[in-house]
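Indexing begins at 1, ligand by ligand and atom by atom, following the structure's order.
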Amino acid sequence: MDRFIIHGGQRLEGEIAIGGAKNAGLKLMVAGLLTSERLVLSNVPQIADIATMKDLLVQHGIAVDPVDGSTRTLSIGGDIASVEAPYDIVSKMRASILVLGPLLARAHEARVSLPGGCAIGTRPVDMHLKGLEALGADIRLEGGYINASAPGGLKGDRIVLPFASVGATENLVMAATLARGRTEIINAAREPEIGDLVVCLNAMGARITGAGTGTLVIDGVDALHGAHHRIMADRIECGTYACAAGITGGDLRLVGGRISDLGAVVRALEEAGVEVIGEEDAIRVRRTGPLRGIDIMTEPYPGFPTDMQAQFMALLSVAEGASMITETIFENRFMHVPELSRMGARINVHGSSAIIRGVRKLSGAPVMATDLRASFSLILAALVAEGETVLSRIYHLDRGYEGVDSKLAAVGARIERVGD
Ligand SMILES: CC(=O)N[C@H]1[C@@H](OP(=O)(O)OP(=O)(O)OC[C@H]2O[C@@H](n3ccc(=O)[nH]c3=O)[C@H](O)[C@@H]2O)O[C@H](CO)[C@@H](O)[C@@H]1O
Ligand SMILES: C=C(OP(=O)(O)O)C(=O)O
């Protein structure tokens with residue numbers, strides 16, 4: 001298993017290219033299930049989750065072909081040969097559950113493994129299932145699988161989500177594109193990745209309005225057709241490297257990053273003493289003064305994203321004064337705390353809140369990645385720690401960050417990937 005060896009103390013300066021968004025790209029690939037024509041996606045990030053999604057689509061009989069020899073552009077489409085999403089793929093990547101709605105919509109049946117919990121929480125899928133039932137699906141849980149069918153096709157309805165779930169909104173919006181009549185999703189999630197999905201679905205012939213608001217209205221159509229779509233820039237990758245500039249007192253241009261997608265992250269950076277400047281097709285992030293402690297609460301978009309919580313925990317570990325971070329989205333998303341503490345951070349967790357008392361310095365240590373964002377928080381801490389940090393289990397990072405070592409090394413970090 002590969003590890004990162006990081007020597008702290010370097011100020012980061014230069015440019016980092018922000019790639020296509022994992023959390024948009026995965027759902028956009030799934031949208032390829034909705035048409036027999038080709039959906040061509042560009043700006044595809046080269047990360048493990050995208051490769052897993054390719055395996056899943058291929059298992060359904062859908063072709064996923066590189067365009068002009070490059071896997072940065074994928075041509076997706078074909079006839080559905082199997083409606084089963086097996087346990088070995090779904091257990092690797094929870095976003096696999098998103099094939100359920102599209103399979104039901106196009107093939108009128110689906111057999112999808114239940115994803116189960118993961119390191120950050122139990123993550124049930126009850127809202128996905130109830131919403132699909134409202135659209136007329138018959139759903140039975142058997143042997144760890146969701147067996148779903150809608151022999152006469154899905155039928156539009158009004159669905160009120162009890163919580164603005166990103167995945168449930170995406171599953172239902174995709175299912176509703178091919179349902180008969182009108183579907184309304186009330187309390188829909190407003191994350192920019194859903195907006196990106198809606199743009200693509202509409203380019204494929206869907207009729208969806210309300211993206212970015214809490215109500216999505218979908219008028220079903222008989223069939224979707226092929227389209228070309230460029231995957232939006234990854235706002236979480238962008239926010240993560242913004243934290244790298246902030247924690248090292250550096251100056252980074254994050255090329256391709258969009259300030260409007262960062263929302264509450266910009267405010268939090270500024271309050272903490274990090275300057276954020278929007279440029280044409282880039283965001284410049286720099287810090288010249290001290291880092292200041294702040295309070296953060298994670299919330300659905302446009303609130304502060306849970307996917308940036310761990311990175312801010314690292315940043316605030318070396319800020320002046322105390323900070324409080326409250327995690328409201330996932331019940332177990334503080335696994336980075338014991339690892340950051342091993343590097344000298346002073347953090348106490350009380351239920352869903354963590355109190356962080358800033359320290360003057362962190363020290364390098366052997367630490368372990370536990371999930372995707374937690375892993376990056378340890379890299380951020382390592383960038384300013386005295387001495388050497390060895391980060392193991394970096395397969396978590398490979399799920400969602402492309403070329404972490406090369407991107408960081410190019411702006412001055414001392415980071416090296418080593419195998420066993
Ligand atoms: C691949 C992808 O895009 N993942 C993102 C997506 O995950 P995901 O789509 O899984 O997140 P959700 O918004 O659905 O989950 C939010 C909360 O709702 C709960 N819930 C969700 C569905 C359901 O049927 N029942 C239920 O109780 C979850 O357990 C969690 O506590 O949004 C999260 C919240 O912004 C991000 O952290 C993830 O990075
Ligand atoms: C939690 C995340 O992803 P997933 O929903 O795929 O686990 C994430 O991207 O931080």
Side-chain angles (χ1 to χ4, degrees), residues 19-30 45 47-50 52-53 56 89-101 112 114-134 139 141 146 159-174 185 187-197 231-232 234-240 261 263-265 298-312 327-333 335-336 352 369-377 396-402:
K22 166 179 91 79
N23 288 350
L26 292 173
K27 320 336 163 31
L28 290 161
M29 288 176 78
V30 171
I47 53 177
D49 273 10
I50 293 285
T52 305
M53 185 56 82
L56 182 56
I89 300 186
V90 180
S91 59
K92 248 201 236 174
M93 186 185 66
R94 293 184 47 86
S96 311
I97 186 73
L98 289 163
V99 300
L100 181 60
V112 177
L114 277 160
C118 76
I120 61 178
T122 47
R123 305 183 75 173
V125 291
D126 53 311
M127 286 185 240
H128 300 236
L129 303 186
K130 282 203 187 94
L132 291 169
E133 278 175 339
I139 294 186
L141 303 183
I146 303 159
I159 301 167
V160 181
L161 293 177
F163 178 83
S165 155
V166 173
T169 302
E170 292 164 337
N171 227 335
L172 296 171
V173 84
M174 285 193 279
I185 306 175
N187 197 25
R190 293 184 280 162
E191 270 67 4
E193 291 77 13
I194 295 172
D196 205 33
L197 177 63
I231 301 173
M232 66 178 281
D234 195 318
R235 68 190 165 101
I236 305 298
E237 186 191 28
C238 186
T240 301
D261 291 340
V265 171
T298 64
E299 288 173 325
Y301 192 86
F304 186 91
T306 174
D307 291 350
M308 285 300 304
Q309 181 257 105
Q311 300 90 314
F312 266 75
E327 171 60 60
T328 72
I329 308 293
F330 293 108
E331 70 274 17
N332 188 32
R333 211 172 189 181
M335 283 96 51
H336 39 287
S352 59
T370 49
D371 75 71
L372 175 59
R373 312 300 171 187
S375 314
F376 216 115
S377 76
H396 289 291
L397 275 165
D398 294 335
R399 273 191 52 209
Y401 287 100
E402 181 181 337

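For the atom pair CZ (R373) and CD (Q311), the distance works out to 6.5 Å, reported to the nearest 0.5 Å. Taken to the nearest 0.5 Å, the CG atom of L56 stands 10.5 Å off from the CG atom of L26. One distance of note links CD of E299 with CD1 of I329; it measures 7.5 Å at 0.5 Å rounding. I231 CD1 to L197 CG: the interatomic distance, rounded to the nearest 0.5 Å, is 11.0 Å.
Taking every heavy atom of V125 and a limit of under 4.0 angstrom, the matching atoms of ligand 1 come to 23 (C), 24 (O). Below 4.0 Å from some heavy atom of D307 lie the following atoms of ligand 1, by number and element: 36 (C), 37 (O), 38 (C), 39 (O). The H128 neighbourhood of ligand 1 comprises atoms 24 (O), with distances under 4.0 Å to a heavy atom of that residue. Atoms of ligand 2 lying under 4.0 Å from any heavy atom of K22, numbered from 1 in the order shown and given with element: 2 (C), 3 (O), 4 (P), 6 (O), 8 (C), 9 (O). Listed by number with element, the atoms of ligand 1 under 4.0 Å from a non-hydrogen atom of F163 are 16 (C), 17 (C), 18 (O). Atoms of ligand 1 lying under 4.0 Å from at least one heavy atom of G167, given by number and element, are 9 (O), 14 (O). Here is the list of ligand 2 atoms found below 4.0 Å of a heavy atom in N23: 9 (O). Below 4.0 Å from some heavy atom of R333 lie the following atoms of ligand 1, by number and element: 37 (O). For ligand 1 and T306, the ligand atoms under 4.0 Å from any heavy atom of the residue are 34 (C), 37 (O). Within the listing of ligand 2, atoms 8 (C), 9 (O) sit less than 4.0 angstrom from a heavy atom of L372. The distance from ligand 2 to the heavy atoms of R123 drops below 4.0 Å at these ligand atoms: 4 (P), 5 (O), 7 (O).
When only non-hydrogen protein atoms are considered, atom 3 (O) of ligand 1 lies nearest to K27 NZ, 2.7 Å. Looking at atom 11 (O) of ligand 1, its nearest protein heavy atom turns out to be F330 CZ, 4.1 Å. Counting protein heavy atoms only, atom 23 (C) of ligand 1 is closest to P124 O, 3.0 Å. N23 ND2, 3.7 Å is the protein heavy atom nearest to atom 4 (N) of ligand 1. Atom 14 (O) of ligand 1 has as its closest protein heavy atom S165 OG, 2.6 Å. If you check which protein heavy atom lies closest to atom 13 (O) of ligand 1, you get V166 N, 2.8 Å. With respect to atom 19 (C) of ligand 1, the closest heavy atom belonging to the protein is M127 CE, 4.6 Å. Closest to atom 8 (P) of ligand 1, if we only count protein heavy atoms, is R123 NH2, 3.7 Å.
The nearest pair of heavy atoms linking L98 to N171 is O-OD1, 3.3 Å. Residues T169 and I185 come closest through the heavy atom pair O-CD1, 4.2 Å. Of all the heavy atoms in A119 and M335, the pair that sits closest is O-SD, 3.3 Å.
Nearest to atom 9 (O) of ligand 2 by heavy-atom distance, out of M308, R373, R333, is R373.
Under a 3.5 Å cut-off, the side chain of D371 and the backbone N or O of H396 do not form any donor-acceptor pair. For T52 (side chain) and M93 (main-chain N/O), no donor-acceptor pair under 3.5 Å exists by modelled atom type. Side-chain atoms of D196 come within 3.5 Å of backbone N or O of M232 as a donor-acceptor pair. Judged purely by atom type and a 3.5 angstrom limit, E191 has no side-chain atom pairing as donor or acceptor with the backbone of I194. The backbone N or O of A21 sits nowhere less than 3.5 Å from a side-chain atom of E193 that would complete a donor-acceptor pair. Listed for the D234 side chain is a donor-acceptor partner under 3.5 Å among the backbone atoms of K22.
At a heavy-atom distance under 4.0 Å, only side-chain atoms of I120, from C-beta outward, approach ligand 2. Both the backbone and the side chain of I329 come within contact range of ligand 1, each with a heavy atom under 4.0 Å. Contacts between Q309 and ligand 2 below 4.0 angstrom, taking non-hydrogen atoms only, are absent altogether. Residue contacts with ligand 2, taken as heavy atom pairs separated by less than 4.0 Å, involve R399 solely via side-chain atoms from C-beta onward.
Between D49 and R94 there is no salt bridge, since no side-chain nitrogen of the basic residue lies less than 4.0 Å from a carboxylate oxygen of the acidic one. For E170 and K27, the salt-bridge test passes: some basic side-chain N is under 4.0 Å from an acidic carboxylate O.
When distances from atom 38 (C) of ligand 1 to the protein are checked, a heavy atom turns up under 4.0 Å.
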